[in-house]
Amino acid sequence: GAGVSQSPSNKVTEKGKDVELRCDPISGHTALYWYRQSLGQGLEFLIYFQGNSAPDKSGLPSDRFSAERTGGSVSTLTIQRTQQEDSAVYLCASSSGFSYFGPGTRLTVL
Amino acid sequence: AQSVTQPDIHITVSEGASLELRCNYSYGATPYLFWYVQSPGQGLQLLLKYFSGDTLVQGIKGFEAEFKRSQSSFNLRKPSVHWSDAAEYFCAVGPNTGTASKLTFGTGTRLQVTL
């Protein structure tokens, strides 16, 4: 597609459940990022993939968070045993020099 | 460590008035600087960016920003605001490595436009 897409757009889950968030980057972009935007906060970096290099996971807040990128394209962010503080908008961006952002997934943990 | 400060959480301006949104950064080298806009329910859209060269950069929707190294600032300006400019604006800084890298964002400034 023409831009970065994310699915689902909204996700409501119960505390303790696992969730998977998907990102489809712009074709040909080698870099992919996940950010989290909590209410009243700026964007918090989570993880960064660049080509075939090992991902930069320095922003992941806990070991409940993980992400993978298959075939250098689609990425999935997984949150295990969700907590209420995980509620946020999760934004994906892809880049070939500067970042284009997707519309985000709004996650609500009840 | 790099950081970005947007000192104004919320700004209200009248339609047709001029606008300046402040951004100060802390970075150990020459940074890449960005302004993004986020409309309600939307992702972030890049307004403009500074990599090098002319310190006054033009962006989309009539916005411009000026990089002032001595003040560590990258303020966003628009001479005449339109009601459709109401949104949240984020300043961001990244390393000047010539390749894509993670960005550090400010906490944003919410712009309200009154008619």
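Numbered from 1 within each chain, the chains take letters A, B, ... in sequence-line order.
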Q: Give me the ring orientation class for A:Y35 and B:F105: parallel if the planes are under 30° apart, tilted from 30 to 60°, perpendicular past 60°.
A: perpendicular

Toward chain B, the part of [X] with a non-hydrogen atom under 4.5 Å:
| X | value |
| --- | --- |
| A:S58 | side chain |
| A:Q37 | side chain |
| A:L43 | both |

**Q.** Contacting moiety of B:Q6, where chain A heavy atoms sit under 4.5 Å
**A.**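 For B:Q6, no heavy atom lies under 4.5 Å from chain A.
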
Q: Heavy-atom distances under 4.5 Å only: say whether B:L44 touches chain A with side chain, backbone, both or neither.
A: both

Q) B:T104 and B:Q2: side-chain donor and acceptor closer than 3.5 Å? A)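 Yes, because at least one side-chain N or O of B:T104 sits under 3.5 Å from a partner of the opposite role on B:Q2.
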
**Q.** Close aromatic pair by centroid cut-off 6.0 Å: B:F90 and B:Y36
**A.** no

Q: Measure from the ring center of A:Y33 to the ring center of A:Y100 and say whether it is less than 6.0 Å.
A: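 So the answer is no for these two rings.
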
Q) Does a sphere of radius 6.0 Å around CD in A:E14 hold more than 12 heavy atoms from other residues, nucleotides or ligands, not counting ones at 6.0 Å or beyond? A) no

